[in-house]
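So that the names make sense, note that chain A is the first sequence line, chain B the second, and so on, each numbered from 1. The analysis underlying the following values was restricted to heavy atoms, covering all of them including side chains, and did not include hydrogens, waters or symmetry mates.
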There are 2 protein chains.
Amino acid sequence: MGLKTPSRDSRPREAVPAAASNTGAAQAPMREFSRSLPMALLRAREAVMRHFRPSLRADGVTEQQWRILRALSSIDIIEVTDLARVAYLLGPSLSRILRDLEARRLIERKTVKSDLRRGTISITAKGLKLIEAVAPHSEAIYAEMTKRYGAQKLSDLQDMLNLLESSLLAMPVHGGNNDADDSGDDK
Amino acid sequence: MGLKTPSRDSRPREAVPAAASNTGAAQAPMREFSRSLPMALLRAREAVMRHFRPSLRADGVTEQQWRILRALSSIDIIEVTDLARVAYLLGPSLSRILRDLEARRLIERKTVKSDLRRGTISITAKGLKLIEAVAPHSEAIYAEMTKRYGAQKLSDLQDMLNLLESSLLAMPVHGGNNDADDSGDDK
DNA sequence: CCAAAATGATTAACATGTTAAGTTAAATGG
DNA sequence: CCATTTAACTTAACATGTTAATCATTTTGG
């Protein structure tokens with residue numbers, strides 16, 4: 001992720017130069033687009049991450065790697081599948097990242113003896129040291145953001161986002177294999 | 001993007017099995033993590049996009065390609081740099097996507113005669129047809145989401161997101177080359 | 001106990017995110 | 001008018017997002 005408003009220039013200059021005045025059929029502008037919900041969420045998230053990326057990058061970790069390490073730092077040991085849920089990453093991404101983090105000795109993995117398919121992950125001392133090095137700065141940034149936006153607003157926003165998520169998770173996906181929730185009465 | 005809650009299973013099962021009870025030093029849980037603002041924004045956006053992806057995919061376009069085509073459909077012609085801003089994509093991504101969309105005859109490009117560095121993009125009839133094929137369904141989904149979450153809440157959420165964005169854009173980035181806004185008195 | 005279905009995790013393949021380097025053309029400053 | 005600098009893209013290179021396929025291991029149902 002991360003878009004820093006491509007080619008940011010100082011002076012304001014009209015966002016879309018030769019807009020409007022179509023040549024042929026004047027189709028409906030279609031929900032302004034730039035103000036659609038997905039776009040608003042994307043822009044907001046980028047505005048947030050923009051502040052974290054530099055320090056993370058300085059310490060040699062990506063945003064996703066950081067999510068994993070941070071999750072591990074407060075859990076001690078966890079299975080891969082559960083880690084995927086906690087760090088909100090898809091399996092394939094997680095597999096690649098774990099491979100890399102293991103090579104860098106930031107994490108360790110073991111196979112569950114009772115089920116050889118499963119693997120457990122834990123953070124190493126080196127990994128913890130990295131966390132401890134980055135966390136303070138990260139927390140400071142978070143605090144500054146909270147101060148600027150307002151603690152109450154921030155809290156409200158989070159509630160609204162959570163509600164949005166749960167509302168939409170309850171909404172059936174049209175053309176998708178909704179293996180989601182179907183009040184389990186398995187088989 | 002898109003994470004569909006890795007391995008979604010029907011029955012609720014504790015999110016993080018062997019959590020807590022660390023072996024060694026009990027470090028602070030650190031802002032719950034899973035409830036951090038970046039995570040909330042990510043999850044919310046995914047909850048939204050999850051509903052659009054299937055139909056887009058069915059019509060052979062990715063989310064980003066769709067953003068571009070949709071932007072073009074209401075603008076008729078636009079320069080690459082401006083398109084990057086409107087579709088909120090970084091230059092390199094845009095270059096690759098435009099190359100692909102051009103090969104598929106969904107867009108056309110011309111060089112600006114007065115400045116050979118610049119290029120202008122416009123959507124083709126074929127591209128418009130694609131838009132018209134997908135848009136209705138897309139709008140229907142958007143309407144359903146609005147209905148479920150509530151039009152007023154949605155509007156409020158957007159306002160809050162926009163405010164968050166502007167608040168954070170005004171906040172200086174710590175370790176970054178802030179070529180951003182510095183009250184222009186160029187040179 | 002065994003063949004078939006289900007699971008957990010990884011690999012494959014392709015598109016995009018992201019930062020750093022080019023490339024070509026235009027604007028600038030002698 | 002010309003060497004620098006700047007601007008607008010494009011490429012390169014590497015990490016992740018995403019969906020499909022593959023693998024090994026377990027669980028199921030006979």
Between [N] ([atom2]) and [X] ([atom1]): distance, integer Å:
| X | N | atom1 | atom2 | value |
| --- | --- | --- | --- | --- |
| B:Asp100 | C:dT16 | CG | C1' | 12 Å |
| A:Leu56 | D:dT16 | CG | P | 12 Å |
| A:Arg99 | D:dT16 | CZ | P | 10 Å |
| A:Leu116 | C:dT7 | CG | C1' | 13 Å |
| A:Trp66 | C:dG17 | CH2 | P | 24 Å |
| B:Tyr88 | C:dG17 | OH | C1' | 12 Å |
| B:Arg118 | D:dT6 | CZ | C1' | 12 Å |
| A:Arg53 | C:dG17 | CZ | P | 11 Å |

> Can you find a donor-acceptor N/O pair under 3.5 angstrom joining the side chain of A:Arg96 to the base of D:dG17?
Replying inline: yes

> With distance as the sole criterion, do the side chain of A:Arg117 and the base of C:dT7 form a donor-acceptor contact below 3.5 Å?
Replying inline: yes

> Is the A:His174 ring parallel, tilted or perpendicular to the B:His137 ring (thresholds 30°, 60°)?
Replying inline: perpendicular

If you check the [X] side chain, which of [options] turns out closest?
| X | options | result |
| --- | --- | --- |
| A:Asp115 | C:dG17, C:dT11, D:dT26 | D:dT26 |
| A:Ser95 | C:dT16, C:dT11, D:dT11 | C:dT11 |
| B:Ile97 | D:dT16, C:dT16, D:dC9 | C:dT16 |
| B:Arg67 | C:dG17, D:dT16, D:dA7 | C:dG17 |

Looking at [X], I'd like to know whether one of its side-chain N or O atoms comes within less than 4.0 Å of OP1 or OP2 on [N].
| X | N | value |
| --- | --- | --- |
| A:Arg109 | C:dT10 | yes |
| A:Gln64 | C:dG17 | no |
| A:Ser93 | D:dG17 | yes |

> With a non-hydrogen cut-off below 4.0 angstrom, is A:Gln65 in contact with a base, only sugar-phosphate, or nothing?
Replying inline: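 A:Gln65: backbone/sugar contact only, no base atoms under 4.0 Å.
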
>> For A:Arg57 and B:Thr62, find the nucleotide of DNA chain C closest to each by heavy atoms; which residue's nucleotide sits nearer the 5' end?
In response: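 The residue closer to the strand's 5' end, by nearest nucleotide, is B:Thr62.
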
>> Please determine whether a side-chain nitrogen of the Lys or Arg among A:Glu46 and A:Arg53 lies less than 4.0 Å from a carboxylate oxygen of the Asp or Glu.
In response: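 Salt bridge flag = yes for A:Arg53 with A:Glu46.
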
>> Regarding B:Asp156 and B:Lys153, does a basic nitrogen lie under 4.0 Å from an acidic carboxylate oxygen?
In response: no

>> Under the rule for salt bridge (charged side-chain N to carboxylate O under 4.0 Å, His left out), what residues qualify as partners of B:Arg148, not counting sequence neighbours?
In response: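 Testing B:Arg148 for salt bridge (charged side-chain N to carboxylate O under 4.0 Å, His left out), a comparison that skips the adjacent residues, returns B:Glu144.
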
> For A:His51, what residues pass the ring pair (Phe, Tyr, Trp, His ring centres under 6.0 Å) criterion, not counting sequence neighbours?
Replying inline: none

